[in-house]
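Sequence lines set the chain letters: A, B, ... in the order given, protein chains first and strands last, and positions in each chain run from 1. Nothing here was measured: the structure is a model prediction, and the numbers come from that model.
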2 protein chains.
Amino acid sequence: MDIRGHLDLLLLAVLADAGPVHGYAVIAALRERSQGVFDIPEGTVYPALHKLERAGLVVSRWEQATPRRRRVYELTPDGRVARTAKQREWRGLVRGVQAVIGSATLQGMA
Amino acid sequence: MDIRGHLDLLLLAVLADAGPVHGYAVIAALRERSQGVFDIPEGTVYPALHKLERAGLVVSRWEQATPRRRRVYELTPDGRVARTAKQREWRGLVRGVQAVIGSATLQGMA
DNA sequence: AGCCTATGCCTAGGTTTCCTAGGCATGGAT
DNA sequence: ATCCATGCCTAGGAAACCTAGGCATAGGCT
(Lines give C-alpha, C1' and ligand atoms only; values in the text may rest on other atoms or scores of the structure.)
Protein backbone atom coordinates (compact mmCIF):
# COMPACT_ATOMS: atom_id res chain seq x y z
CA MET A 1 0.00 0.00 0.00
CA ASP A 2 1.17 3.41 -0.93
CA ILE A 3 1.36 6.09 1.70
CA ARG A 4 1.04 9.01 -0.64
CA GLY A 5 1.93 11.94 1.47
CA HIS A 6 0.13 10.89 4.61
CA LEU A 7 3.05 9.32 6.40
CA ASP A 8 3.45 12.29 8.70
CA LEU A 9 -0.14 12.02 9.82
CA LEU A 10 0.25 8.31 10.50
CA LEU A 11 3.43 8.82 12.49
CA LEU A 12 2.04 11.70 14.49
CA ALA A 13 -1.12 9.72 15.21
CA VAL A 14 0.81 6.72 16.50
CA LEU A 15 3.06 8.88 18.64
CA ALA A 16 0.07 10.80 19.99
CA ASP A 17 -1.84 7.70 20.99
CA ALA A 18 0.93 5.36 21.99
CA GLY A 19 3.17 7.80 23.81
CA PRO A 20 6.95 7.50 23.63
CA VAL A 21 7.80 4.85 21.06
CA HIS A 22 10.93 3.84 19.24
CA GLY A 23 11.10 3.65 15.47
CA TYR A 24 10.92 -0.05 15.05
CA ALA A 25 7.85 -0.18 17.28
CA VAL A 26 6.22 2.58 15.25
CA ILE A 27 6.52 0.38 12.19
CA ALA A 28 5.02 -2.54 14.08
CA ALA A 29 2.21 -0.38 15.42
CA LEU A 30 1.30 0.83 11.95
CA ARG A 31 1.24 -2.72 10.67
CA GLU A 32 -0.94 -3.91 13.51
CA ARG A 33 -3.34 -0.99 13.68
CA SER A 34 -3.91 -1.13 9.96
CA GLN A 35 -4.21 -4.89 9.94
CA GLY A 36 -1.32 -5.23 7.59
CA VAL A 37 -2.35 -2.52 5.17
CA PHE A 38 0.66 -0.40 6.04
CA ASP A 39 3.95 -2.22 6.11
CA ILE A 40 6.25 0.74 5.80
CA PRO A 41 9.93 0.12 5.17
CA GLU A 42 12.53 1.36 7.61
CA GLY A 43 14.10 3.43 4.90
CA THR A 44 10.88 5.40 4.84
CA VAL A 45 10.14 5.68 8.53
CA TYR A 46 13.50 6.64 9.96
CA PRO A 47 14.14 9.57 7.66
CA ALA A 48 10.56 10.71 8.20
CA LEU A 49 11.01 10.68 11.97
CA HIS A 50 14.22 12.66 11.59
CA LYS A 51 12.41 15.16 9.48
CA LEU A 52 9.68 15.53 12.09
CA GLU A 53 12.34 16.11 14.70
CA ARG A 54 14.06 18.76 12.60
CA ALA A 55 10.65 20.39 12.24
CA GLY A 56 10.25 20.42 16.00
CA LEU A 57 7.20 18.17 16.02
CA VAL A 58 8.87 15.36 17.94
CA VAL A 59 11.81 14.98 20.28
CA SER A 60 13.91 11.89 20.68
CA ARG A 61 16.18 10.40 23.30
CA TRP A 62 18.27 7.28 23.48
CA GLU A 63 16.64 4.90 25.85
CA GLN A 64 18.71 3.41 28.63
CA ALA A 65 18.19 0.11 30.34
CA THR A 66 16.86 -1.76 27.35
CA PRO A 67 18.64 -4.78 25.91
CA ARG A 68 19.30 -2.89 22.69
CA ARG A 69 19.87 0.74 21.98
CA ARG A 70 16.65 2.42 20.99
CA ARG A 71 15.80 5.94 20.03
CA VAL A 72 12.50 6.86 21.57
CA TYR A 73 10.31 9.54 20.01
CA GLU A 74 7.72 11.72 21.66
CA LEU A 75 5.39 14.42 20.41
CA THR A 76 6.06 18.04 21.26
CA PRO A 77 3.20 20.50 21.80
CA ASP A 78 3.79 21.68 18.25
CA GLY A 79 3.54 18.06 17.21
CA ARG A 80 0.10 17.75 18.76
CA VAL A 81 -1.05 20.84 16.96
CA ALA A 82 0.36 19.50 13.71
CA ARG A 83 -1.39 16.21 14.27
CA THR A 84 -4.74 17.91 14.60
CA ALA A 85 -4.07 20.02 11.53
CA LYS A 86 -3.01 17.03 9.45
CA GLN A 87 -6.05 15.14 10.54
CA ARG A 88 -8.30 17.98 9.48
CA GLU A 89 -6.43 18.09 6.18
CA TRP A 90 -6.96 14.39 5.74
CA ARG A 91 -10.68 14.62 6.35
CA GLY A 92 -10.86 17.43 3.83
CA LEU A 93 -9.11 15.31 1.26
CA VAL A 94 -11.41 12.38 1.89
CA ARG A 95 -14.49 14.53 1.58
CA GLY A 96 -13.15 16.03 -1.63
CA VAL A 97 -12.27 12.74 -3.23
CA GLN A 98 -15.56 11.17 -2.23
CA ALA A 99 -17.39 14.11 -3.72
CA VAL A 100 -15.57 13.60 -7.01
CA ILE A 101 -15.66 9.84 -7.31
CA GLY A 102 -19.12 9.60 -5.85
CA SER A 103 -20.65 12.21 -8.11
CA ALA A 104 -22.15 9.77 -10.55
CA THR A 105 -23.65 7.74 -7.78
CA LEU A 106 -24.92 10.77 -5.94
CA GLN A 107 -26.50 12.15 -9.07
CA GLY A 108 -28.26 8.88 -9.55
CA MET A 109 -29.72 9.01 -6.08
CA ALA A 110 -32.59 11.12 -4.93
CA MET B 1 -5.41 21.14 -1.15
CA ASP B 2 -2.78 18.62 -1.87
CA ILE B 3 -3.59 15.78 -4.22
CA ARG B 4 -1.04 13.38 -2.92
CA GLY B 5 -0.96 10.70 -5.48
CA HIS B 6 -4.65 10.48 -6.14
CA LEU B 7 -4.78 12.70 -9.16
CA ASP B 8 -5.05 9.75 -11.51
CA LEU B 9 -8.11 8.49 -9.70
CA LEU B 10 -9.75 11.89 -9.84
CA LEU B 11 -9.05 12.29 -13.53
CA LEU B 12 -10.24 8.81 -14.38
CA ALA B 13 -13.38 9.32 -12.33
CA VAL B 14 -14.25 12.55 -14.08
CA LEU B 15 -13.61 11.07 -17.49
CA ALA B 16 -15.62 7.99 -16.62
CA ASP B 17 -18.64 9.93 -15.44
CA ALA B 18 -18.56 12.92 -17.71
CA GLY B 19 -17.60 11.22 -20.94
CA PRO B 20 -15.30 12.94 -23.44
CA VAL B 21 -13.96 16.10 -21.86
CA HIS B 22 -11.17 18.49 -22.66
CA GLY B 23 -8.47 19.35 -20.16
CA TYR B 24 -9.68 22.75 -19.15
CA ALA B 25 -13.14 21.34 -18.49
CA VAL B 26 -11.65 18.57 -16.38
CA ILE B 27 -10.13 21.20 -14.14
CA ALA B 28 -13.44 22.99 -13.89
CA ALA B 29 -15.28 19.74 -13.18
CA LEU B 30 -12.92 18.88 -10.34
CA ARG B 31 -13.36 22.31 -8.85
CA GLU B 32 -17.13 22.11 -9.03
CA ARG B 33 -17.59 18.54 -7.93
CA SER B 34 -15.33 19.05 -4.94
CA GLN B 35 -16.90 22.40 -4.11
CA GLY B 36 -13.63 24.18 -4.47
CA VAL B 37 -11.52 21.71 -2.54
CA PHE B 38 -9.56 20.73 -5.63
CA ASP B 39 -8.33 23.63 -7.71
CA ILE B 40 -5.62 21.85 -9.61
CA PRO B 41 -3.19 23.87 -11.69
CA GLU B 42 -2.92 23.27 -15.39
CA GLY B 43 0.74 22.44 -14.98
CA THR B 44 -0.42 19.45 -12.97
CA VAL B 45 -3.38 18.29 -15.01
CA TYR B 46 -2.03 18.43 -18.54
CA PRO B 47 1.09 16.36 -17.89
CA ALA B 48 -1.04 13.92 -15.91
CA LEU B 49 -3.43 13.49 -18.83
CA HIS B 50 -0.49 12.94 -21.15
CA LYS B 51 0.83 10.32 -18.82
CA LEU B 52 -2.53 8.55 -18.76
CA GLU B 53 -2.54 8.57 -22.52
CA ARG B 54 0.96 7.14 -22.73
CA ALA B 55 -0.22 4.45 -20.35
CA GLY B 56 -3.13 3.65 -22.66
CA LEU B 57 -5.81 4.57 -20.15
CA VAL B 58 -7.21 7.42 -22.20
CA VAL B 59 -7.22 8.48 -25.82
CA SER B 60 -7.39 12.01 -27.08
CA ARG B 61 -8.41 13.77 -30.24
CA TRP B 62 -8.44 17.38 -31.33
CA GLU B 63 -11.97 18.57 -31.43
CA GLN B 64 -13.20 20.24 -34.58
CA ALA B 65 -15.95 22.79 -34.86
CA THR B 66 -15.36 24.49 -31.56
CA PRO B 67 -14.41 28.15 -31.33
CA ARG B 68 -11.04 27.16 -29.88
CA ARG B 69 -8.86 24.18 -30.37
CA ARG B 70 -9.49 21.63 -27.69
CA ARG B 71 -8.00 18.27 -26.99
CA VAL B 72 -10.73 15.92 -25.86
CA TYR B 73 -9.95 12.93 -23.70
CA GLU B 74 -11.87 9.71 -23.33
CA LEU B 75 -11.39 6.59 -21.26
CA THR B 76 -10.26 3.39 -22.90
CA PRO B 77 -11.44 -0.01 -21.68
CA ASP B 78 -8.12 -0.28 -19.84
CA GLY B 79 -8.89 3.08 -18.36
CA ARG B 80 -12.16 1.84 -16.94
CA VAL B 81 -10.43 -1.12 -15.39
CA ALA B 82 -7.78 1.16 -13.95
CA ARG B 83 -10.44 3.44 -12.55
CA THR B 84 -12.05 0.60 -10.67
CA ALA B 85 -8.68 -0.57 -9.41
CA LYS B 86 -7.67 2.90 -8.24
CA GLN B 87 -10.97 3.31 -6.51
CA ARG B 88 -10.48 0.06 -4.65
CA GLU B 89 -6.98 1.18 -3.75
CA TRP B 90 -8.33 4.47 -2.47
CA ARG B 91 -10.89 2.77 -0.27
CA GLY B 92 -8.15 0.56 1.12
CA LEU B 93 -6.06 3.56 1.94
CA VAL B 94 -8.97 5.30 3.65
CA ARG B 95 -9.75 2.23 5.70
CA GLY B 96 -6.11 1.89 6.68
CA VAL B 97 -5.66 5.50 7.68
CA GLN B 98 -8.93 5.55 9.59
CA ALA B 99 -7.85 2.43 11.42
CA VAL B 100 -4.62 4.11 12.46
CA ILE B 101 -5.84 7.56 13.35
CA GLY B 102 -9.03 6.25 14.84
CA SER B 103 -7.40 3.64 17.01
CA ALA B 104 -7.47 5.65 20.21
CA THR B 105 -11.11 6.47 19.70
CA LEU B 106 -12.03 2.95 18.72
CA GLN B 107 -10.27 1.50 21.72
CA GLY B 108 -12.25 3.80 23.91
CA MET B 109 -15.51 2.58 22.46
CA ALA B 110 -17.24 -0.65 23.21
C1' DA C 1 -9.12 50.14 -33.12
C1' DG C 2 -6.95 48.69 -28.99
C1' DC C 3 -6.89 46.30 -24.73
C1' DC C 4 -7.96 43.05 -21.34
C1' DT C 5 -9.76 38.88 -19.70
C1' DA C 6 -11.12 34.15 -20.11
C1' DT C 7 -10.35 30.18 -22.56
C1' DG C 8 -7.29 26.62 -23.84
C1' DC C 9 -3.04 24.36 -24.66
C1' DC C 10 1.88 23.39 -23.33
C1' DT C 11 6.84 22.51 -21.05
C1' DA C 12 10.95 22.98 -18.04
C1' DG C 13 12.73 22.61 -13.76
C1' DG C 14 12.64 22.34 -8.82
C1' DT C 15 10.91 20.37 -4.53
C1' DT C 16 9.12 16.94 -1.83
C1' DT C 17 8.19 12.21 -0.75
C1' DC C 18 8.85 7.72 -0.76
C1' DC C 19 11.21 3.40 -1.74
C1' DT C 20 15.13 0.35 -2.88
C1' DA C 21 19.19 -1.33 -1.41
C1' DG C 22 22.19 -1.56 0.96
C1' DG C 23 25.29 -1.28 5.79
C1' DC C 24 26.07 -2.01 10.79
C1' DA C 25 25.55 -4.00 15.54
C1' DT C 26 23.73 -7.16 19.07
C1' DG C 27 20.64 -10.51 21.59
C1' DG C 28 18.57 -14.86 21.73
C1' DA C 29 17.49 -19.29 19.96
C1' DT C 30 19.06 -23.63 17.76
C1' DA D 1 28.66 -21.38 16.09
C1' DT D 2 25.20 -19.70 13.27
C1' DC D 3 21.16 -17.53 12.09
C1' DC D 4 17.31 -14.70 12.64
C1' DA D 5 15.02 -10.85 14.75
C1' DT D 6 15.67 -6.56 16.60
C1' DG D 7 17.12 -1.93 15.94
C1' DC D 8 19.42 1.83 13.93
C1' DC D 9 21.08 4.34 9.70
C1' DT D 10 22.18 6.64 4.78
C1' DA D 11 22.62 7.28 -0.24
C1' DG D 12 20.56 7.56 -4.42
C1' DG D 13 16.83 7.21 -7.60
C1' DA D 14 12.06 7.48 -9.13
C1' DA D 15 7.67 9.52 -9.11
C1' DA D 16 4.43 13.09 -8.30
C1' DC D 17 3.18 17.63 -7.99
C1' DC D 18 3.65 22.57 -8.34
C1' DT D 19 5.66 27.00 -9.85
C1' DA D 20 6.37 29.84 -13.42
C1' DG D 21 6.45 30.76 -17.14
C1' DG D 22 5.05 30.80 -22.70
C1' DC D 23 1.75 30.83 -26.63
C1' DA D 24 -2.66 31.64 -29.23
C1' DT D 25 -7.39 33.32 -29.92
C1' DA D 26 -12.33 34.78 -28.86
C1' DG D 27 -15.14 38.12 -27.00
C1' DG D 28 -16.27 42.22 -24.44
C1' DC D 29 -15.45 46.92 -23.30
C1' DT D 30 -13.92 51.57 -24.11
Side-chain angles (χ1 to χ4, degrees), chain A residues 1-12 14 18 20-32 34 37-55 57-58 60-73 82 86 89-90 93 96-97, chain B residues 1-12 14 18 20-32 34 37-55 57-58 60-73 82 86 89-90 93 96-97:
Chain A
M1 173 63 59
D2 219 331
I3 297 310
R4 304 293 199 168
H6 306 294
L7 179 58
D8 288 354
L9 169 59
L10 296 179
L11 296 179
L12 293 173
V14 167
V21 186
H22 64 282
Y24 208 76
V26 168
I27 294 173
L30 285 174
R31 195 167 36 229
E32 284 156 22
S34 71
V37 175
F38 299 134
D39 191 6
I40 307 179
E42 303 174 27
T44 298
V45 169
Y46 288 117
L49 287 172
H50 299 163
K51 193 195 66 178
L52 291 179
E53 183 157 32
R54 280 198 306 277
L57 305 184
V58 306
S60 74
R61 60 173 192 279
W62 285 101
E63 197 172 47
Q64 316 291 346
T66 41
R68 289 156 212 279
R69 58 174 218 154
R70 290 171 169 177
R71 187 190 284 277
V72 176
Y73 293 88
K86 293 260 181 202
E89 224 180 280
W90 161 255
L93 176 70
V97 172
Chain B
M1 173 63 60
D2 218 333
I3 299 310
R4 304 293 199 173
H6 307 293
L7 179 58
D8 288 355
L9 168 60
L10 295 179
L11 296 178
L12 293 173
V14 167
V21 186
H22 64 283
Y24 209 76
V26 168
I27 294 174
L30 285 175
R31 196 168 33 228
E32 284 155 23
S34 71
V37 175
F38 299 134
D39 190 8
I40 307 179
E42 303 174 28
T44 298
V45 168
Y46 288 116
L49 287 171
H50 299 163
K51 194 196 66 180
L52 291 179
E53 183 157 33
R54 281 198 307 277
L57 305 184
V58 306
S60 73
R61 60 175 192 281
W62 285 100
E63 197 172 46
Q64 318 289 348
T66 42
R68 292 155 209 279
R69 61 179 214 147
R70 290 172 169 176
R71 187 190 284 279
V72 176
Y73 293 89
K86 294 260 180 201
E89 223 180 282
W90 161 256
L93 175 70
V97 172

- Task: Look at the aromatic rings of B/Y73 and B/H50 and report parallel, tilted or perpendicular, splitting at 30° and 60°.
- Result: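 Ring orientation, 0 to 90° scale: tilted.
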- Query: So A/W90 and B/W90, would you call those rings parallel, tilted or perpendicular, with 30° and 60° as cut-offs?
  - Reply: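 Correct class here is tilted.
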May I have the distance from [X] (atom [atom1]) to [N] (atom [atom2]), rounded to whole angstrom?
X	N	atom1	atom2	answer
A/L10	C/dT17	CG	P	14 Å
A/L7	C/dT17	CG	P	10 Å
B/Y73	C/dC9	OH	C1'	9 Å
A/E42	D/dA5	CD	P	13 Å
B/W62	C/dG8	CH2	P	12 Å
B/L93	C/dT17	CG	P	16 Å
A/K51	D/dC9	NZ	C1'	17 Å
B/I27	C/dG8	CD1	C1'	9 Å

- For the side chain of B/R4, counting heavy atoms from C-beta on, which of D/dC9, C/dT17, D/dG7 is nearest?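 Of the candidates, C/dT17 comes closest.
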Counting the atoms with a prime plus P, OP1 and OP2 as sugar-phosphate, which does [X] contact under 4.0 Å by heavy atoms, base, sugar-phosphate, or nothing?
X	result
A/R68	base
B/G5	sugar-phosphate
B/P41	base
A/G43	base

OP1 or OP2 of [N] sitting under 4.0 Å from any side-chain N/O of [X]?
X	N	answer
A/Y46	D/dC9	no
A/H50	D/dT10	yes
B/R70	C/dG8	yes

- Message: Which heavy atom of A/E53 sits nearest to which heavy atom of A/R71, and what is that distance?
- Response: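 Heavy atoms only, the tightest pair is OE1-NH1, 4.5 Å.
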- Determine the minimum heavy-atom distance between B/L49 and B/G23, stating which atoms define it.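 Between these two residues, the closest heavy atoms are CD1-CA, 4.0 Å.
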- Message: Both B/I40 and A/P47 contact DNA chain D. Which one's nearest nucleotide lies toward the 5' end?
- Response: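 Upstream on the strand: A/P47.
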- Message: Here's a test for you: under side chain to side chain contact (heavy atoms under 4.5 Å, CB included), which of A/V26, A/V58, A/I40 qualifies with A/L11?
- Response: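 Only one of A/V26, A/V58, A/I40 forms a side chain to side chain contact (heavy atoms under 4.5 Å, CB included) with A/L11, namely A/V26.
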- Task: For A/T44 and for A/P67, locate the closest nucleotide of DNA chain C by heavy-atom distance; then report the residue assigned to the nucleotide nearer the 5' terminus.
- Result: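 With A/T44 and A/P67 compared, the 5'-side residue is A/T44.
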